[in-house]
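Read through the structure below, which is laid out as structure tokens, and then see the notes.
Order of the sequence lines fixes the chain letters, A, B, ..., with proteins taken first and strands second; residue numbering starts at 1 for each chain.
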Protein chains: 2
Amino acid sequence: MGISITGMSDLGQQAYEKLRVGILDGELPPGSPLSHRKLAQLFGISTIPVAAALQRLEAEGFVESRARAGTRVKMPTVGEISGNYIVREALESQAARLFAQSASPLQKQRLLRLANDLDKRYRRLDKQVTPSREAQAEVEKRHVEFHLEIARATGCQELVSAIEKSRVLLFNWLFSRSGEYVPLPQGWHTRLAEDLSSGQPLSADEAMRLHVTFRRDDILRHFAELEQAAEGKIERGPQHRKVSGTFATKLQNLPR
Amino acid sequence: MGISITGMSDLGQQAYEKLRVGILDGELPPGSPLSHRKLAQLFGISTIPVAAALQRLEAEGFVESRARAGTRVKMPTVGEISGNYIVREALESQAARLFAQSASPLQKQRLLRLANDLDKRYRRLDKQVTPSREAQAEVEKRHVEFHLEIARATGCQELVSAIEKSRVLLFNWLFSRSGEYVPLPQGWHTRLAEDLSSGQPLSADEAMRLHVTFRRDDILRHFAELEQAAEGKIERGPQHRKVSGTFATKLQNLPR
DNA sequence: TCTCCAAAACTGATATGTCAGATTTTGTTG
DNA sequence: CAACAAAATCTGACATATCAGTTTTGGAGA
């Protein structure tokens, strides 16, 4: 997920990246408090670049901050997830149109290969009874790459950035759900790649829409349940989860 | 263009808004230097909230900053404008689909009224030989509102925000071009509103795509010329233009 | 044990000052 | 007058300190 453009100074940039991977890897689950001072101490820098990093993370929707009350990792609402799907559907179907319209034979071939590889990995994952979190993350990361490859082939950098933003937001929450998820149909991505390579923009558009919204309702239902569960205990302390990472614990046990 | 979510503190928020309207109104034309200190002095605040405001403006593509070298209002490239059109087409056609699918009779009626009013204003503008910049800006602002009204009717806040961002970027440059612009067809917006009210998502999608891309090629050509003209004199000092605003001049004549 | 409230602890926002890098100006030399 | 280097100036990045809200806590009283 190479977001390249820095737009921030050295220390701020480093803090931003650390926090970002911390959040996306699940080391900092939703609700985790992110104190300017504690982070500054943890990173060995002042609060200024930390504030810059957190401001950017807030603008990107990873974090929510209330003035003089605290900053914490954001728990997305069902409404936001749903809205995100709508935006993603718009952007990715547009990418599909452009791909069908102007992709070179080489690009089509490359996409087909990626799709095939991806389908193999998903099949392998479905065979396992209890796939490890790492294995799921690995495949999911390649899935994102697959979609980004379609966007990149359009040659429109703005479209790539927009898709990156709307995809990344879901990256974490998507596969953090329990286990009961509907397996993908046989050759799910291969068929999509074929549709995109057909040269028919409208068909490509429609195929991508179906692809993007495939598990949407399942996931929305899942999050609606989570939301209700969280509603019962209104903000009862930081949401402790069994997190192995050293990040969150270090933060907790920091004196100041 | 009501972007509501603050995400920034009081002073930083105020600085952000001042700079933003300064840029969008053309008072701070592309290339204008934006010094942290000078702005801080001008606003009567410290450099911290100014830096926060500029960071946000940079993330939104309004300014560009090089560490320890300077910050200035950004001149968008043809590639960026073109990419912006692609993203806008994706988002607005999606809004059109949803509108056609789920807008209430009241919302449809309201949209038709807005479209009619808008067409009248454009017609009035076309009659004038030399319409004032203010008059153009006024109509353009209502045009943006018309499109946002479609998005709002979908009930998807994320879609509204995404469209706001991709529209606002063009707001200024769009009508800053000389004068020779192709007049819109008769009942241009009214017909669009009718298509969106037809209840056919696919027709609405297609109609909106045509609408969004109508003057695209003209504008891209215009900016390509501007870009070439600017290329000749490589960064020869700040691009002085005849700007009436007090903003830029105040900044220039500030001692420190 | 429960309720309520004040003090303590914590939080983000901001001001001031300093630093090193980038740019511009200036002085010198050919 | 051109070329070049040094110095003066300007820039954004960052550290430290302080402030005013917010939340938590620890009793006091019921």
Subject >> Contacts of A/Ile48 that satisfy side-chain contact (heavy atoms from CB on, under 4.5 Å) - sequence neighbours left out >> reply: A/Ser46, B/Ile48
Original post:
A/Gln14 has an atom CD; how far is it from atom P of D/dA13, in whole Å?
Top reply: 14 Å
Original post:
Mind checking what makes side-chain hydrogen bond (donor to acceptor under 3.5 Å, both in side chains) contact with B/Ser82, not counting sequence neighbours?
Top reply: none
Subject >> Salt-bridge criterion met for B/Glu145 and B/Lys141 (N-O under 4.0 Å) >> reply: no
Subject >> the helix from C/dT1-D/dA30 to C/dG30-D/dC1: angle between end helix axes, five pairs per end, rounded to 10 degrees >> reply: 10°
Subject >> Sequence-distant partners of A/Arg221, salt bridge (charged side-chain N to carboxylate O under 4.0 Å, His left out), two or more places apart >> reply: A/Asp218
Original post:
How is B/Leu39 classified with respect to the nucleic acid when contacts are heavy atoms under 4.0 Å: base, sugar-phosphate, or nothing?
Top reply: nothing
Original post:
Who are the side-chain contact (heavy atoms from CB on, under 4.5 Å) partners of A/Ala51, not counting sequence neighbours?
Top reply: A/His36
Subject >> Counterpart residues, salt bridge (charged side-chain N to carboxylate O under 4.0 Å, His left out), relative to B/Glu80 (two or more places apart) >> reply: B/Lys74
**OP:** Could you tell me which residues satisfy side-chain contact (heavy atoms from CB on, under 4.5 Å) with A/Glu138, sequence neighbours excluded, listed by chain and number?
**Re:** A/Arg142
Produce the list of close N/O pairs, under 3.5 Å, pairing protein atoms with atoms of nucleotides 6-8 of chain D; give distances to one decimal.
none

**OP:** Please list, chain by chain and in numerical order, all residues satisfying salt bridge (charged side-chain N to carboxylate O under 4.0 Å, His left out) with A/Glu149, sequence neighbours excluded.
**Re:** A/Arg110, A/Arg152
Subject >> Residues in side-chain hydrogen bond (donor to acceptor under 3.5 Å, both in side chains) contact with B/Asp217, at least two apart in sequence or another chain >> reply: none
Scan nucleotides 14-16 of chain D against the protein and return all N/O pairs shorter than 3.5 Å with their distances rounded to 0.1 Å.
residue	atom	partner	partner atom	Å
D/dC14	OP1	A/Leu11	N	2.8
D/dC14	OP2	A/Ser9	OG	2.0
D/dA15	OP1	A/Ser46	N	3.3
D/dA15	OP2	A/Ser46	N	2.6
D/dA15	OP2	A/Ser46	OG	2.2

Subject >> side-chain contact (heavy atoms from CB on, under 4.5 Å) against A/Ala135, all qualifying residues, sequence neighbours excluded >> reply: A/Leu125, A/Ser132
Original post:
Pick the nucleotide of DNA chain C nearest each of A/His36 and B/Arg66; which residue has the one closer to the 5' end?
Top reply: A/His36
Original post:
Between B/Ala67 and A/Ala67, who's closer to the 5' end of DNA chain D by nearest nucleotide?
Top reply: B/Ala67
Subject >> Contact under 4.0 Å: A/Thr71 side-chain N or O vs C/dG12 OP1/OP2 >> reply: yes
